[in-house]
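Only one structure is covered here, and it is reproduced in the block below.
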Amino acid sequence: QNQIFYETVNGNDMWYDPVFMVETIDGRNVWCKRHYRVRDGPVPGTFRFSALDNGVTSNEFWTIVDAADDLSYIIFHYAGAAGAVGQRYIGGLLCTADGTLPDESVRGPIYEKLRS
């Protein structure tokens, strides 16, 4: 997977462009990409993501679960829905600057937070 965050031209919002693999209902693995607009949520550490995919809008609410003091990793939780097609989902991400896992000494606490 690949996740890229970058500021909008006006600097008030962000864009999020993930590339990710999904498993289809017939068992195939398919690579997908999206282009999300990211806005600040109602409280610090929360965000509203929205994307248009084949005419269907997905809206997601993200929260920061935890981050390393040196920002070497960050853990996100998200919950989303594409109401027009009756789809909803939840998930989590462990993000690092270069995509490598954090040091093994901190993985236990990270995995516990991802499971919570």
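Everything numeric here is computed off the predicted structure, so don't read it as measured data. In what follows, residues are counted from 1 in the order of the sequence shown.
- Placement of F5 and L93 within a single hydrophobic cluster is found when ILVMFWY residues are connected by side-chain heavy-atom separations under 4.5 Å, directly or transitively.
- Distance check: R107 CZ to S105 OG gives 9.0 Å after rounding to the nearest 0.5 Å.
- Using a 4.5 Å heavy-atom threshold, the side chains of R37 and W15 count as touching.
- Tracing side-chain contacts under 4.5 Å through hydrophobic residues (I, L, V, M, F, W, Y), one never reaches L52 starting from V38; they form parts of separate clusters.
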Steps toward side chain to side chain contact (heavy atoms under 4.5 Å, CB included) verdict (V22, N29) = CA-CA 6 Å; V22 297; N29 290 322; over 6 Å; no
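- Atom OH of Y111 is separated from atom CD1 of I75 by 10.5 Å, given to the nearest 0.5 angstrom.
- Looking only at side-chain heavy atoms (C-beta outward), V19 and I4 stay at 4.5 Å or farther from each other.
- Contact annotation: the side chain of D66 never approaches that of I64 to less than 4.5 Å [non-hydrogen atoms, C-beta and beyond].
- The ring pair (Phe, Tyr, Trp, His ring centres under 6.0 Å) pairs that include a residue from residues 67-105 are W62-F76, W62-Y78, where partners are two or more places apart or lie in different chains.
- In this structure, the separation between CG on D40 and CG on N12 is 9.0 Å, given to the nearest 0.5 Å.
- Side chains of P18 and F49 form no contact here, defined as non-hydrogen atoms less than 4.5 Å apart.
- Applying the side-chain hydrogen bond (donor to acceptor under 3.5 Å, both in side chains) test to residues at least two apart or on different chains, the pairs with a partner in residues 41-57 are R34-D53.
- Counting only heavy atoms from C-beta outward, the side chains of I110 and L94 approach each other to under 4.5 Å.
- Summarising the local packing, CG of N10 is surrounded by more than 12 heavy atoms from other residues, nucleotides or ligands at distances under 6.0 Å.
- The aromatic rings of Y36 and Y16 sit tilted relative to each other, their planes meeting at an angle between 30° and 60°.
- Grouping the Ile, Leu, Val, Met, Phe, Trp and Tyr side chains by contacts below 4.5 angstrom, directly or via other members, places I90 apart from F61.
- Counting heavy atoms from C-beta on, the side chains of Y6 and D17 come closer than 4.5 Å.
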